[in-house]
Amino acid sequence: MEKTTPDILELRACLRMGVAGGYTPAALMQLTQALSYATLSEGGSVLVAGAGGGHWADLALQDIHLPIQRSNLVTHGKGVALIGLGPRYGYALAAIPMEPLEGDADLQLHDAHWSCAPEDLLAIGELLDGAIPMMQRAALLRLQPPPSSILLQIANQALDFAARQHITLALANRSLSERLRNHEDQTRMVVHDMRAPLHTLLISLKALERQGFDAGVRQELLEVARESSNYLLGLINTVLDTARLETSS
């Protein structure tokens with residue numbers, strides 16, 4: 001009986017002995033590199049299953065300087081699964097994009113599972129049996145559980161990256177909070193500065209509309225209205241110029 005093409009969800013369900021969590025693309029790249037250097041230091045191959053929402057996987061694998069080969073496998077569903085196979089150890093990482101944040105792929109969280117347990121990789125191998133080349137299939141059967149030192153190394157690198165990312169996000173949040181306060185102060189100042197000339201402009205227009213003045217008085221009121229309008233226009237241009245400078249455009 002011919003096997004059907006597996007879904008990314010099925011591959012992720014095979015990783016029962018590992019770790020699960022929500023990861024950003026940057027965290028997935030760091031995790032992929034940590035897993036690869038820890039388990040594929042003696043060489044091997046990486047099977048890439050799927051493509052949708054996996055730009056992070058391409059970037060991560062490009063920066064791994066190890067004697068490894070890449071093979072692309074076809075799967076259904078949105079997400080990417082990586083299966084790293086070395087002479088002794090291996091890993092599997094499956095990540096499925098969640099709802100995007102503001103439509104930015106770099107901010108999109110992924111529901112990710114990863115494992116170095118040979119039984120989990122064998123379970124994935126059974127699903128991908130028809131698509132895995134013979135050499136990789138043989139490598140799956142030779143896998144051993146990685147020693148605790150390797151797992152600690154991966155965990156330490158992941159925790160170190162998470163700590164650095166937390167600090168970066170905290171600094172970015174502080175900067176954004178300060179910018180928001182500055183914008184609020186600027187908005188209050190502009191509103192305050194606009195009230196007086198706008199009030200003067202409205203009074204002048206109402207006076208011209210309701211009263212009959214001679215040419216000289218009418219010209220004075222028009223001049224007051226013109227000055228108020230120019231002042232308001234200057235304030236608006238200042239706000240727009242400030243916005244352009246902040247966006248470097």
Side-chain angles (χ1 to χ4, degrees), residues 3 5-21 23-97 105 110-147 150-151 153-155 157-158 161:
K3 291 188 176 182
T5 304
D7 189 277
I8 289 292
L9 286 170
E10 295 179 274
L11 300 182
R12 189 184 63 179
C14 294
L15 305 179
R16 299 175 181 176
M17 306 286 291
V19 180
Y23 291 77
T24 63
L28 286 171
M29 290 173 60
Q30 176 69 20
L31 178 59
T32 297
Q33 293 175 359
L35 288 167
S36 297
Y37 280 108
T39 61
L40 307 180
S41 59
E42 300 175 6
S45 58
V46 176
L47 309 179
V48 183
H55 71 290
W56 57 268
D58 293 327
L59 295 175
L61 293 174
Q62 287 173 8
D63 290 337
I64 296 175
H65 304 292
L66 291 172
I68 57 178
Q69 295 180 336
R70 170 175 174 167
S71 300
N72 294 324
L73 307 178
V74 177
T75 54
H76 292 308
K78 191 175 183 182
V80 171
L82 303 178
I83 303 97
L85 302 174
R88 290 183 291 171
Y89 314 122
Y91 73 87
L93 167 61
I96 298 174
H110 291 69
D111 182 13
H113 292 222
W114 63 274
S115 175
C116 294
E119 51 265 51
D120 287 349
L121 274 72
L122 283 172
I124 285 185
E126 290 179 4
L127 283 176
L128 297 171
D129 184 53
I132 298 180
M134 186 65 68
M135 289 184 62
Q136 279 80 9
R137 220 176 303 174
L140 272 171
L141 299 175
R142 294 195 303 265
L143 292 180
Q144 307 170 21
I150 287 182
L151 296 177
Q153 176 187 345
I154 296 170
Q157 290 181 0
F161 178 79

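Note: hydrogens, waters and symmetry copies are ignored here, and every other heavy atom, side chains too, is used.
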Item to complete: Apply side-chain contact (heavy atoms from CB on, under 4.5 Å) to the pair Ile64 and Val46, showing each step before the final yes or no.
Response: CA-CA 11 Å; Ile64 296 175; Val46 176; over 6 Å; no
Item to complete: Go through Leu35 and Leu40 one step at a time and tell me if the side-chain contact (heavy atoms from CB on, under 4.5 Å) criterion holds.
Response: CA-CA 8 Å; Leu35 288 167; Leu40 307 180; over 6 Å; no
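The two residues Val80 and Leu82 come nearest to each other via the heavy atoms CG1-CD2, 3.9 Å. Between Asp120 and Cys14, the closest heavy-atom pair is OD1-O, 3.2 Å. The shortest heavy-atom contact between Gly50 and Ile8 is CA-CD1, 4.5 Å. Across all non-hydrogen atoms, the minimal contact from Leu140 to Gly125 is CD1-CA, 3.7 Å. The two residues Leu151 and Pro146 make their nearest non-hydrogen contact at CD2-CG, 3.9 Å. Across every non-hydrogen atom of Pro6 and Leu128, the tightest pair is CG-CD2, 3.5 Å.
Separating the CD atom in Glu126 from the CD atom in Glu10 is a distance of 12.5 Å, to the nearest 0.5 Å. The distance from the NE2 atom of His76 to the CG atom of Leu11 is 11.5 Å, given to the nearest 0.5 Å. Note that the CG atom of Leu66 and the CD atom of Gln33 stand 10.0 Å from one another [nearest 0.5 Å]. The distance from the CD1 atom of Ile132 to the CD1 atom of Ile83 is 6.5 Å, given to the nearest 0.5 Å. Atom CG in Leu121 sits 11.5 Å away from atom CG in Leu141 (nearest 0.5 Å).
Formation of a donor-acceptor pair under 3.5 Å by the Ser45 side chain with backbone atoms of Gln69 is not found in this model. With hydrogens and angles disregarded, no donor-acceptor distance shorter than 3.5 Å links the side chain of Tyr37 to the backbone of Ile154.
Around the CD atom of Glu119, the shell of radius 6.0 Å holds more than 12 heavy atoms that belong to other residues, nucleotides or ligands.
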In a table with atom names and distances, give each donor-acceptor pair under 3.5 Å that connects a side chain of residues 84-92 to protein atoms at least two apart or in another chain.
| from | atom 1 | to | atom 2 | distance (Å) |
| --- | --- | --- | --- | --- |
| Arg88 | NH2 | Glu42 | OE2 | 2.6 |
| Tyr91 | OH | Ser36 | OG | 2.8 |

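Scored by the salt bridge (charged side-chain N to carboxylate O under 4.0 Å, His left out) test, Arg16 finds no partners at all (sequence neighbours excluded). Not a single salt bridge (charged side-chain N to carboxylate O under 4.0 Å, His left out) links Arg142 to another residue, sequence neighbours left out. For Val19, the side-chain contact (heavy atoms from CB on, under 4.5 Å) partners are Tyr23, Trp114, not counting sequence neighbours. Listed by chain and number, the residues in a side-chain contact (heavy atoms from CB on, under 4.5 Å) with Met135 amount to none (sequence neighbours excluded). Checked against salt bridge (charged side-chain N to carboxylate O under 4.0 Å, His left out), Asp111 has the following partners two or more places apart in sequence or in another chain: Arg12.
Between Pro145 and Cys116 there is no side-chain heavy-atom pair separated by less than 4.5 Å. When side chains are defined from C-beta on, Leu93 does not count as touching Leu15, because their heavy atoms never get closer than 4.5 Å.
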